[in-house]
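To start, the structure under review is shown below, and the notes come after it.
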Amino acid sequence: MVKTRFAPSPTGNLHIGGARTALFNYLFAKHNNGIFVLRIEDTDIERSKDEYTKDILDGLKWLGILWDEGPFFQRERMDLYREHAYRLLNQGLAYRCYCTPEVLEEKRKNALKEGRKPNYDRTCRDLNLKDPDRPYVIRFKTPLDGQVSFNDIVRGKITFNCEELDDLVILRSDNTPTYNFTVVVDDALMDITHIIRGDDHINNTPRQILIYNALGYKLPEFAHVPLIHGKDRTRLSKRHGATSLLEYKNEGFLPEALMNYLARLGWAYGDQEVFSKEELIEKFDLKHVGKSPAIFDMDKLSWLNSHYIKTSEENRIAGMLEGFLVKSGIEIDNREKLVPIVRNLKDRAKTLKEMAQMAEFFFSDEIIYDEKAKEKYLTHETKKILEGFLEGFVSLKENDEAGQKLLIENIVKETGKKTVDVVQPIRVALSGRTASPGIFDVINILGKKSVEKRIKRAIASIG
RNA sequence: GGUCCCAUCGUCUAGUGGCCCAGGACGUCGGCCUCUCACGCCGAAAACACGAGUUCGAACCUCGUUGGGACCA
């Protein structure tokens with residue numbers, strides 16, 4: 001049974017990189033009919049915050065990455081780590097180290113000065129000390145020589161010399177376990193079969209393998225996926241913009257667009273670009289994950305988002321649009337309008353937020369004219385056009401699009417102007433802007449009364 | 001600085017010795033459509049980091065160089 005996990009520290013929001021790692025774990029598990037576990041690594045009490053945990057859980061749920069087990073919290077499992085640490089101690093695979101931080105720092109400095117590696121010099125390794133009055137840490141006995149190598153599913157064989165590895169601390173003097181130790185204990189106890197994580201953990205892997213072996217647990221498979229980089233080609237971080245995945249939600253992105261984009265970032269399935277969640281589960285594999293870091297590209301995300309806006313159920317988009325409108329203080333007088341509005345705006349908007357901005361004018365007859373638009377199209381010259389339009393329009397029935405077309409054609413003929421010069425003033429009168437959906441769509445979504453009101457108001461504004 | 005990793009169009013990538021004078025997508029540019037803005041459609045420019053080697057043949061294999069990144073300090 002395949003079992004994967006996503007194990008974030010709640011020391012920050014769920015960002016794009018974390019979300020992708022979670023997604024790969026999720027897709028791999030689901031592809032293999034396996035289990036996906038969520039574990040919160042909150043042992044760093046100083047920096048861990050509940051708000052971050054919430055952001056992570058909410059972000060995953062929004063994306064549609066649902067975990068089968070958990071969330072487990074490491075803070076609740078401290079006894080387990082201590083037990084394991086003492087087990088290694090009792091078996092002679094770890095030792096008490098009484099070196100003080102001051103001494104260690106001194107040694108480190110000297111080593112650096114003399115050009116040696118600043119590793120711990122293993123003073124206490126074979127002393128077998130046991131002093132009840134002095135504080136100590138427990139260190140892991142790393143083999144003095146030999147190699148550790150593993151077959152990474154995406155990287156292939158990776159080898160480290162044990163000499164490079166330290167006798168790392170597994171339990172601090174305050175009785176708290178360290179990162180590399182808790183990870184192994186948890187992954188082993190939770191029966192994780194495949195560890196899929198960012199390649200910033202490659203260097204931790206040999207230490208963890210040694211701990212697995214010492215503890216006598218079965219090794220999992222490892223797959224290190226490249227990190228996502230910003231435009232400057234460094235690891236994605238706060239200064240690259242969005243710090244939480246949920247910001248994309250607030251900006252009007254659809255979760256399926258994010259999921260699709262994230263999956264294709266560093267992974268490919270031939271030439272295919274668009275994938276549903278089900279397709280991703282069916283087609284995802286670690287073998288086609290690339291080895292080099294990928295740069296986050298907002299343009300492509302936007303393109304996918306507009307694709308999903310165009311192809312989603314209009315009702316669903318309308319529901320989400322309503323939320324964005326309400327959020328920007330728009331009063332929705334008539335919810336019947338929402339679906340027709342979506343139908344006309346879905347090809348034009350890249351995000352729901354953008355769509356809400358484009359839709360605002362439908363909801364209030366008190367149009368605020370764009371300054372330049374008014375200056376150009378609401379003039380004494382165009383006043384006649386508006387008056388002519390209004391005169392003809394009042395006698396038309398509701399939603400008589402053929403009649404409306406004829407009316408405009410007639411004005412074009414009578415004035416000798418181009419169609420565009422007749423339509424634009426009307427557009428500005430109705431929407432306040434020079435760009436909008438087709439003029440007849442605007443007219444018929446607004447309805448006869450509203451159109452008349454807005455034309456009159458525009459005429460009045462010219463004075 | 002040490003260790004490890006990576007290297008195809010601006011970006012995401014296809015490509016595992018001949019199908020590749022390198023394919024798709026985003027973006028860019030040009031055109032068509034058109035009541036505006038979009039959408040859509042058509043077209044164009046755009047890459048195998050460099051140098052050796054292996055081979056009849058290399059984007060694909062080997063070595064080196066350069067560049068980039070991550071971790072540790």
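A note on names: the letters A, B, ... follow the listed sequences, proteins ahead of strands, and every chain is numbered from 1. Atom set for the values below is all heavy atoms of this structure, side chains included, hydrogens, waters and symmetry mates excluded.
- The base of B:rG24 lies close enough to the side chain of A:E273 for a donor and an acceptor atom to sit less than 3.5 Å apart.
- Separating the C1' atom of B:rA59 from that of B:rG15 is a span of 8 Å, rounded to the nearest Å.
- Comparing A:I158 and A:A294, the nucleotide of RNA chain B nearest to each residue sits closer to the 5' end for A:I158.
- Base-pair partner of B:rC29: B:rG43 (Watson-Crick or G-U wobble, both distances under 3.5 Å).
- In this structure, B:rA59 makes no Watson-Crick or G-U wobble pair, since no nucleotide meets both defining distances under 3.5 angstrom.
- Using a 4.0 Å cut-off between a side-chain N of Lys or Arg and a carboxylate O of Asp or Glu, A:R47 and A:D44 qualify as a salt bridge.
- Whole-Å rounding puts the A:K291 NZ to B:rC12 P distance at 17 Å.
- Nucleotides B:rC33 and B:rG24 are separated by 26 Å at their P atoms, to the nearest Å.
- Residue A:E164 places its side chain closer to B:rG2 than to any other of B:rG2, B:rU36, B:rC4.
- Comparing the C1' positions of B:rC29 and B:rU66 gives an interatomic distance of 33 Å, to the nearest angstrom.
- Taking atom P on both B:rG10 and B:rC5, the two are 28 Å apart, rounded to the nearest angstrom.
- Using a 4.0 Å heavy-atom criterion, one finds that A:T159 contacts the sugar-phosphate atoms exclusively.
- The partner of B:rA22 cannot be assigned: no Watson-Crick or G-U wobble pair with both contacts below 3.5 Å exists in any strand.
- We find that CZ of A:R343 is positioned 18 Å from C1' of B:rA38, with the value rounded to whole Å.
- Taking 4.5 Å as the limit, every side-chain heavy atom of A:V442 sits out of range of all side-chain heavy atoms of A:R454.
- A straight line from CD of A:Q357 to P of B:rC37 spans 19 Å, rounded to a whole angstrom.
- In this structure, the nucleotide among B:rC71, B:rC6, B:rC26 sitting nearest to the side chain of A:D200 is B:rC71.
- Of the nucleotides present, B:rC50 is the one that pairs with B:rG64 by Watson-Crick or G-U wobble criteria, both distances under 3.5 Å.
- Nucleotides B:rU36 and B:rA45 have their C1' atoms positioned 30 Å apart, rounded to a whole Å.
- The side-chain contact (heavy atoms from CB on, under 4.5 Å) test with A:I158 is passed by exactly one of A:N203, A:D152, A:T205, A:N151: A:D152.
- A sub-4.0 Å separation between OP1 or OP2 of B:rU16 and a side-chain N or O of A:K287 is absent.
- For A:I439, taking side-chain heavy atoms from C-beta onward, the closest of the listed nucleotides B:rC35, B:rA25, B:rA38 is B:rC35.
- Aromatic rings of A:Y136 and A:Y98 (six-membered ring for Trp) have centroids within the 6.0 Å cut-off, being under it.
- When the P atom of B:rC26 is taken as reference, atom CG of A:N305 falls 15 Å away, rounded to whole Å.
- Going from the P atom of B:rC12 to that of B:rA49 covers 14 Å, rounded to whole Å.
- The pair A:E452-A:K448 meets the salt-bridge criterion, since a charged nitrogen lies less than 4.0 angstrom from a carboxylate oxygen.
- Among the atoms of the strands shown, base atoms are found under 4.0 Å from some heavy atom of A:F440.
- The A:Q424 side chain lies nearest to B:rC35 when the options are B:rG2, B:rC35, B:rG24.
- For A:I295 and B:rA7, the CD1 to P distance is 14 Å, given to the nearest whole Å.
- Summarising the geometry, the separation between CD on A:Q208 and P on B:rC4 is reported as 18 Å, rounded to the nearest angstrom.
- Of the candidates B:rC4, B:rC5, B:rC35, the closest approach to any side-chain atom of A:V420 belongs to B:rC35.
- Taking every side-chain heavy atom of A:D299 into account, B:rC26 is the closest of B:rC39, B:rC26, B:rC12.
- Side-chain atoms of A:R348 stay outside donor-acceptor range of the base of B:rC39, with no qualifying N/O pair under 3.5 Å.
- Nucleic acid contact class of A:S292 (heavy atoms, under 4.0 Å, all strands): sugar-phosphate only.
- Ion pairing between a basic and an acidic side chain is recognised when a charged N comes within 4.0 Å of a carboxylate O; A:R197 and A:E41 show no such pairing.
- Residue-level contact check: A:K310 touches the backbone only, with heavy atoms under 4.0 Å from sugar-phosphate atoms and none from bases.
- Rounded to whole Å, atom P of B:rU16 lies 21 Å from atom CZ of A:R155.
- Of the C1' atoms belonging to B:rG18 and B:rC26, the separation is 32 Å, rounded to the nearest Å.
- Straight-line distance between the P atoms of B:rC39 and B:rC21: roughly 35 Å, to the nearest whole Å.
- Residue A:G290 is classed as having no contact, given no heavy-atom separation below 4.0 Å to the nucleic acid.
- Rounded to an integer number of Å, the gap from CZ of A:F275 to C1' of B:rG24 is 12 Å.
- At the heavy-atom level, A:T434 lies under 4.0 Å from base atoms of the strands shown.
- Note on A:K405 versus A:E401: salt bridge recorded, some NZ/NE/NH1/NH2 to OD/OE distance being below 4.0 Å.
- The pair A:E366-A:R457 meets the salt-bridge criterion, since a charged nitrogen lies less than 4.0 angstrom from a carboxylate oxygen.
- In terms of position on RNA chain B, the residue among A:D271 and A:P437 whose nearest nucleotide sits closer to the 5' end is A:D271.
- The base-pairing partner of B:rU3, taking Watson-Crick or G-U wobble contacts with both distances under 3.5 Å, is B:rA70.
- Of all nucleotides listed (B:rA38, B:rU3, B:rC37), B:rU3 comes nearest to the side chain of A:F160.
- Of the candidate nucleotides B:rU36, B:rC39, B:rA70, B:rC39 has the atom lying nearest to any side-chain atom of A:D347.
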